[in-house]
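Okay, so here's the structure we're looking at.
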Amino acid sequence: AMAPATFEPVPVSGEVETEETIGDPASMREEITQRSVDWRERVKIIAMWQGVSCLLTGTAVFSQLLADSGINLPTTQSFINYVLLACIFMAKMLHRGTRTRESLLNYFFIALCDVEGNFLVVMAYQYTTITSVQLLDCFTIPVVMILSCYVLGARYRLWHYVGAITALLGLGLLVTADALQRKDESDEPARGPLLGDFLVMAGACLYAISNIGQEYMVKERDRVEFLAFLGTFGAIISGIQMSILERPAIRTLCEEADATIFLYLLGFTGCLLGMYVCVPLILERSSAAFMNLSLLTADFYSLLVALVLFSASPSVLYFVAFSVIICGLVVFNKAGEADSASGRIRSGFASPSEEEMSNAILDVKVSSSEDNNESLKSERDLLPGINEMSNES
């Protein structure tokens, strides 16, 4: 009689690997290390944006000092910054010898939005209150998130919205504290609150367009090229606007200004230039939405500096508001990067990058090499038949 056949289970490689890796101390240490690196990276991004927020506060402080000295030249102050950006980064771009990777019209449009957004918000202070400007300037955040979904293909998670709303609530507390601090001051009523509010919202929309364009250019094109053309076109636009609107004030500045005024201008230019240089660097690792949320703390820093300069005692509500804003930033950043509908940034711009062109060329080369391999293979298949025919003959 034949012995009954026995069948032994054949181990599956995937199951064996899974059993071996479960509870492996090395893999667990690697996972813990990766999580620690991710968390340190997120904390580092928050800290870097707070550094930019401090630079933004510096521009506000020096602008206030210039205004107290009778100097009101917002376009001229921006013009100096754009000229410096153009000189520094255009020289660097020419030294590299690379060709332009984006349409100049797109750079011009982003620069136009940047210049006019600054101008409209500064002009709004003449018609409405600082409280209204602080509140309505946050209109940039929802516009940026909407444009990120449409232009960049971003898909935000629930915790992104929770973090954004928390940060905005913190700003509401901050503005409330500022209003309570100013209620005893005899400020003049706003001349045209509706016009001022409209100017702030229009400037916020232009800010949002500029931020989204900047994020796209930094991540998909080239940071140096973007700053070079932003400075070039920004200098041209602000220079024309400055010569039309601020010529008498510039003449008065040259005739009557002392060394203190020029020191204020130097401080403003240094802070603004530092901010313009740092923002693209951080945007390569972050997003325009998180940038605008992070810069909400600039209002807190500005109020603290103003309170110190005027020897006033800050309210506890200021620190509560700052803590709420930071909590919102942590929640938003903890949610990670927004998902992309297409796996990469969707381009709203027409010109292809050098990387896309090189990939297309590589695809053509690969396809042509595959065709050559197929033709060689068919020739090799025909050789035995040809040899047989020659032997028979």
Spacing of [atom1] belonging to [X] relative to [atom2] belonging to [Y], to within rounding of 0.5 Å:
| X | Y | atom1 | atom2 | value |
| --- | --- | --- | --- | --- |
| Ile46 | Ile282 | CD1 | CD1 | 12.0 Å |
| Arg96 | Phe89 | CZ | CZ | 10.5 Å |
| Leu281 | Arg223 | CG | CZ | 4.5 Å |
| Lys92 | Cys87 | NZ | SG | 15.0 Å |
| Leu230 | Asn81 | CG | CG | 8.5 Å |
| Gln50 | Ile326 | CD | CD1 | 4.5 Å |

How are the rings of [X] and [Y] set to each other: parallel, tilted or perpendicular (split at 30° and 60°)?
| X | Y | value |
| --- | --- | --- |
| Phe62 | Tyr264 | tilted |
| Phe332 | Phe290 | parallel |
| Phe229 | Phe233 | parallel |

Within the 4.5 Å heavy-atom criterion, are [X] and [Y] side-chain neighbours or not?
| X | Y | value |
| --- | --- | --- |
| Val200 | Leu120 | no |
| Val277 | Leu85 | yes |
| Glu116 | Ile237 | yes |
| Leu245 | Phe119 | yes |
| Thr260 | Ser69 | no |
| Val279 | Asn211 | no |
| Leu66 | Gln77 | yes |
| Glu41 | Arg285 | yes |

| task | Go through the steps for Tyr216 and Glu102 under the test side-chain contact (heavy atoms from CB on, under 4.5 Å), then give the verdict. | result | CA-CA 11 Å; Tyr216 172 80; Glu102 184 58 54; 4.1 Å; yes

What heavy-atom pair brings [X] and [Y] nearest, and what distance separates the two atoms?
| X | Y | value |
| --- | --- | --- |
| Met145 | Ala164 | SD-CB, 4.3 Å |
| Cys113 | Ile209 | SG-CG2, 3.8 Å |
| Leu55 | Met275 | CD1-N, 3.6 Å |
| Ile212 | Ala288 | CD1-CB, 4.2 Å |
| Leu73 | Ala249 | CD2-CB, 3.2 Å |
| Leu56 | Ala298 | CD2-CB, 3.7 Å |

| Is a salt bridge present between Glu284 and Lys219, judged by a nitrogen-to-oxygen distance below 4.0 Å? |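 No, this pair does not count.
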
| query | Would you call Arg221-Glu225 a salt bridge at under 4.0 Å N-O? | reply |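 Looking at Arg221 and Glu225, the cut-off is not met.
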
| request: Under the side-chain contact (heavy atoms from CB on, under 4.5 Å) rule, what do Val144 and Ser148 come out as? Steps first, then yes or no, please. | output: CA-CA 6 Å; Val144 162; Ser148 295; 4.0 Å; yes

| request: Tell me, please, which residues at least two apart from Arg247 pass side chain to side chain donor-acceptor pair (under 3.5 Å). | output: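 If we apply the side chain to side chain donor-acceptor pair (under 3.5 Å) test to Arg247, skipping adjacent residues, there are no hits.
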
| request: Report the residues that fulfil side chain to side chain donor-acceptor pair (under 3.5 Å) with Thr269, sequence neighbours left out, ordered by chain and then residue number. | output: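 Once residues adjacent in sequence are excluded, Thr269 has no partner under the side chain to side chain donor-acceptor pair (under 3.5 Å) criterion.
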
Let me check something: do [X] and [Y] share a hydrophobic cluster, defined by ILVMFWY side-chain heavy atoms less than 4.5 Å apart, either directly or through other members?
| X | Y | value |
| --- | --- | --- |
| Met90 | Ile88 | yes |
| Leu104 | Phe108 | yes |
| Leu173 | Val331 | no |
| Phe268 | Phe262 | yes |
| Val43 | Met291 | yes |

| task | Starting from the C-alpha separation in whole Å, work towards a yes-or-no answer on side-chain contact (heavy atoms from CB on, under 4.5 Å) for Ile240 and Phe79. | result | CA-CA 10 Å; Ile240 295 173; Phe79 171 76; over 6 Å; no

Looking only at side chains, do [X] and [Y] share a donor and an acceptor under 3.5 Å apart?
| X | Y | value |
| --- | --- | --- |
| Tyr82 | Asp114 | yes |
| Ser238 | Thr75 | no |
| Tyr207 | Asn292 | no |

Spell out, as yes or no, whether a donor-acceptor pair under 3.5 Å connects the side chain of [X] to the backbone of [Y].
| X | Y | answer |
| --- | --- | --- |
| Thr252 | Pro248 | yes |
| Thr297 | Ser294 | yes |
| Asp258 | Ile261 | yes |
| Ser210 | Leu206 | no |

| field | Ile110 and Phe226: CA distance, side-chain angles, deciding distance, side-chain contact (heavy atoms from CB on, under 4.5 Å) verdict | value | CA-CA 10 Å; Ile110 295 174; Phe226 167 74; 4.0 Å; yes

